[in-house]
Chemist: 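Provided herewith is a single structure, encoded as structure tokens, for subsequent inquiry.
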Amino acid sequence: MSILRQIAKIATIAGFVVLLAVPIAAAEQGGRYWVPKTTSAGPYWRPSAQYSEPTTMTPATPSSELIKTHPAPHRRWLVKNSTNRLPAKQSRTRSSLAAMAPIAPISKTHRLILQVNTNDQAAMNLALNNATNVAEHYRELGEEVKIEVVTFGPGLHMLRDDTSPVKARLEQMALSTPEVSFKACGNTQEKMHQAEHKDIPIVSQAQVVKSGVVRVMELEETGWSYVKP
């Protein structure tokens with residue numbers, strides 16, 4: 001009896017083995033199970049031939065490695081980007097330096113009219129004093145100035161060669177203060193000529209204009225400053 005039981009047990013086990021082998025074989029044909037694969041790190045499961053192996057994440061290559069591996073493209077990228085950014089950086093630097101630099105004053109020529117219309121030596125000397133002081137002031141500042149003394153009416157005696165009480169001073173100022181010029185009214189000169197029945201000589205340092213009053217007006221209209229001593 002014991003022999004028969006052992007035979008029956010073996011037959012039963014064999015039947016189970018056959019029953020298990022059939023679905024396993026079918027599964028292998030369909031690629032629906034994982035078979036073990038031994039590696040140095042130990043066994044792991046992989047799919048059958050119908051399945052691709054699981055994709056492994058490749059670590060990102062450091063930028064330094066990329067530079068070493070592909071030096072030429074990287075150099076071209078650096079040169080291109082550096083070239084594009086350099087003008088903007090230089091422009092910002094120039095703008096910053098310009099903002100920090102002191103603002104230079106705008107160059108301007110100062111222009112002054114001094115009128116003399118009275119035959120008064122004190123008034124004539126006052127006009128000459130004002131002209132000298134203004135010229136020296138801007139000369140010390142290194143700025144340009146133009147001063148014009150305009151005479152008309154009785155003030156024409158200031159520039160008359162035969163009657164001027166300041167003739168010597170006019171000669172001296174012509175040499176020391178070239179910023180100052182003198183204008184004599186032509187209308188007044190003509191009236192004096194008619195009244196005195198003789199030529200009215202004008203000093204060589206002065207220039208005759210048609211009208212002293214019109215001269216003052218025209219200079220003011222062009223931005224000259226007007227002062228009456």
Chemist: Main chain of Tyr226, side chain of Gln115: is a donor-acceptor contact present, judged purely on distance under 3.5 Å?
Modeler: no
Chemist: Output yes when Asp162 and Lys198 qualify as a salt bridge under the 4.0 Å nitrogen-oxygen rule, no when they do not.
Modeler: yes
Chemist: For the pair Glu143 and Arg111, find out whether any cationic side-chain nitrogen is under 4.0 Å from an anionic carboxylate oxygen.
Modeler: no
Chemist: Give the minimum heavy-atom separation between Val116 and Ala127, together with the two atoms involved.
Modeler: CG2-CB, 3.7 Å
Chemist: Can you tell me how far CG of Asn130 sits from CG of Asn125, rounded to the nearest 0.5 angstrom?
Modeler: 11.0 Å
Chemist: Does Arg139 come within less than 4.0 Å of Glu179, counting only side-chain N to carboxylate O?
Modeler: yes
Chemist: Will you find, in the side chains of Gln172 and Ser176, an N or O donor that is under 3.5 Å from an N or O acceptor?
Modeler: yes
Chemist: Going from CD on Gln121 to CZ on Arg169, what distance comes out if it is rounded to the nearest 0.5 angstrom?
Modeler: 10.0 Å
Chemist: Just wondering, do Trp224 and Glu148 contact through their side chains at under 4.5 Å, heavy atoms?
Modeler: yes
Chemist: With rounding to the nearest 0.5 angstrom, report the CG to CG distance, Leu156 to Asn187.
Modeler: 10.5 Å
Chemist: With heavy-atom distances below 4.5 Å as the criterion, would you say the side chains of Val209 and Val214 are in contact?
Modeler: no
Chemist: Which heavy atom in Phe152 sits nearest to a heavy atom in Cys185, and how many Å separate them?
Modeler: CB-CB, 3.5 Å
Chemist: Using the rule given for salt bridge (charged side-chain N to carboxylate O under 4.0 Å, His left out), can you reason through Glu218 versus Lys210, listing the C-alpha separation, both sets of side-chain angles and the distance that settles it, and then say yes or no?
Modeler: CA-CA 12 Å; Glu218 291 176 346; Lys210 182 174 180 58; over 6 Å; no
Chemist: Side-chain heavy atoms nearer than 4.5 Å, only ILVMFWY residues, links allowed to pass through others: does that put Leu219 and Val227 together?
Modeler: no
Chemist: Could you tell me the separation between the OG1 atom of Thr132 and the CD1 atom of Ile147, rounded to the nearest 0.5 Å?
Modeler: 7.5 Å
Chemist: Hey, quick one: are Ile200 and Val150 part of the same hydrophobic cluster, counting side-chain heavy atoms closer than 4.5 Å, chains of contacts allowed?
Modeler: no
Chemist: So do the side chains of Val145 and Thr109 get within less than 4.5 Å of each other, counting heavy atoms only?
Modeler: no
Chemist: Do you know which two heavy atoms are closest between Thr188 and Gly153, and how far apart they sit?
Modeler: OG1-N, 2.9 Å
Chemist: Got Val180 and Lys146 here, is their nearest side-chain heavy-atom distance under 4.5 Å?
Modeler: no
Chemist: Once rounded to the nearest 0.5 Å, what's the spacing between atom OG of Ser164 and atom CE of Met124?
Modeler: 6.5 Å
Chemist: Side chains of Asn133 and His137, heavy atoms from C-beta outward: is any pair under 4.5 Å?
Modeler: no
Chemist: Under a 4.5 Å cut-off applied to non-hydrogen side-chain atoms, are Phe182 and Thr151 in contact?
Modeler: no
Chemist: Indicate whether the side chain of Glu144 and that of Tyr138 have a donor and an acceptor atom separated by less than 3.5 Å.
Modeler: no
Chemist: Under the 3.5 angstrom rule, does the side chain of Asp199 hit a backbone N or O of Pro201 as a donor-acceptor pair?
Modeler: no
Chemist: Would a 4.5 Å heavy-atom cut-off, applied to side chains only, mark Met192 and His157 as touching?
Modeler: yes
Chemist: Taking side chain as C-beta onward, heavy atoms only, is Leu128 less than 4.5 Å from Val166?
Modeler: yes
Chemist: Please determine whether residues Val134 and Leu170 belong to a single hydrophobic cluster, defined as Ile, Leu, Val, Met, Phe, Trp and Tyr linked transitively by side-chain heavy-atom distances below 4.5 Å.
Modeler: yes
Chemist: What distance separates Ile202 CD1 from Leu159 CG, expressed to the nearest 0.5 Å?
Modeler: 6.5 Å
